[in-house]
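Accompanying notes for the structure given below.
Just so we're clear, the structure is a prediction, and the values are computed from it rather than from any experiment.
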Amino acid sequence: MKRNIVIAAVTAAALVGGGTATALAVAGDDDDTTSVTRTDDDRDDRAEDRSDDQDGDDDDGAVRAAAGGVTAAEAITAALKHTPGTVVSAELDDGSWEVDVLAGGDTWHTVRIAPDSGKVLGAQKDDEDDAAEVRAALKGASVTAGDAAKAAAAKGTVVSVDLDDDGDDRGWEAETRASGGDERDWSVGLTTASVTADRDDD
């Protein structure tokens, strides 16, 4: 009976303390049985919560990376220094800027730019076959992707710029995000750099 009281007391102390404990109670002369009581705390749950908080939402990560570092326009400039051509899109994704460049000979390249330093992290040639459509959409355009990024920056932190070459409403599409996570889509004119709210933006 005394052994059970000791075990219960140690177990209760471990639970109140919030830690992981192993309690041993050795019986008296008449019983040499050893009882082991193990209690687990909620540290694993707290660790998972902290991990979730650190991971955060991808959108928030994009805002943090862009807000204190390289802008979309700067990433485009850095990509063009590495791979001359026409930038068709730039997006802050997976911790780096990914800039798509249509180079000479209708070859496509994706250039990755560090969002904190503007250095080129890598580049690769892509297999795309819509070079003719892109060049047709940009024919007569005076506003580049970099220009569009600068114009849209007046509306918030630009996290992506992309050419919309479909239909009659051709132009640049820009996405901005606020520190609170609110996102907005904008249309930027190919000849005027005027910024208007995207009609499809809710």
Check your understanding: Taking the side chain as C-beta and beyond, is there a heavy-atom pair between Trp172 and Leu163 under 4.5 Å?
Key -> yes

**Study point:** Set of salt bridge (Lys or Arg N to Asp or Glu O under 4.0 Å) partners for Asp130, sequence neighbours left out
**Key:** none

**Study point:** With sequence neighbours excluded, residues passing side chain to side chain donor-acceptor pair (under 3.5 Å) with Thr86
**Key:** none

Going by atom type alone, with no hydrogens or angles, which donor-acceptor pairs under 3.5 Å involve a side-chain atom of residues 106-115 and a protein atom two or more places apart or on another chain?
{"residue": "Asp106", "atom": "OD1", "partner": "Arg135", "partner atom": "NE", "Å": "2.8"}
{"residue": "Asp106", "atom": "OD1", "partner": "Arg135", "partner atom": "NH2", "Å": "3.3"}
{"residue": "Thr107", "atom": "OG1", "partner": "Gly104", "partner atom": "O", "Å": "3.1"}
{"residue": "Thr107", "atom": "OG1", "partner": "His109", "partner atom": "NE2", "Å": "3.3"}
{"residue": "Thr110", "atom": "OG1", "partner": "Asp100", "partner atom": "OD1", "Å": "2.9"}
{"residue": "Thr110", "atom": "OG1", "partner": "Asp126", "partner atom": "OD2", "Å": "2.3"}

Revision key, fill the gap. Closest non-hydrogen contact found for Arg184 with Ala197 is NH2-CB, 3.7 Å

Exercise for review: Without swapping roles, check the side chain of Thr191 against the backbone of Ser142 for a donor-acceptor pair under 3.5 Å.
Suggested key: no

Practice item. Supply the atom-to-atom distance Thr196 OG1 to Lys155 NZ, rounded to the nearest 0.5 angstrom. Key: 9.0 Å

Practice item. Considering non-hydrogen atoms only, spot the tightest contact between Val101 and Gly85 and give its length. Key: CG1-CA, 3.9 Å

Review point. Does the side chain of Glu173 reach to within under 4.5 Å of the side chain of Asp198, using non-hydrogen atoms?
Key: yes

Exercise for review: Determine the sole option in Val159, Leu92, Val158, Asp182 for which the side-chain contact (heavy atoms from CB on, under 4.5 Å) test with Arg177 is passed.
Suggested key: Val159

Review point. Side chain to side chain donor-acceptor pair (under 3.5 Å) with Thr77: which residues, sequence neighbours excluded?
Key: none

Point to revise | Where Thr176 and Trp186 come nearest, the two heavy atoms and their spacing | key: OG1-NE1, 3.0 Å

Study note, to complete from the structure: Taken in chain and number order and not counting sequence neighbours, the residues that satisfy side chain to side chain donor-acceptor pair (under 3.5 Å) with Thr192 are Ser194

**Study point:** Spacing of CG belonging to Leu102 relative to OG belonging to Ser89, to within rounding of 0.5 Å
**Key:** 11.0 Å

Output a table of donor-acceptor pairs, distance under 3.5 Å, between side-chain atoms of residues 144-153 and any protein atom two or more places apart or on a different chain; print 'none' if there are none.
{"residue": "Thr144", "atom": "OG1", "partner": "Gly146", "partner atom": "N", "Å": "3.4"}
{"residue": "Thr144", "atom": "OG1", "partner": "Asp147", "partner atom": "N", "Å": "3.1"}
{"residue": "Thr144", "atom": "OG1", "partner": "Asp147", "partner atom": "OD2", "Å": "3.1"}
{"residue": "Asp147", "atom": "OD2", "partner": "Thr144", "partner atom": "N", "Å": "3.1"}

Review point. Nearest 0.5 Å, what's the CG-OG distance between Asp93 and Ser160?
Key: 10.0 Å

Check your understanding: Could you give the distance from NZ (Lys119) to NE2 (His82), rounded to the nearest 0.5 Å?
Key -> 14.0 Å

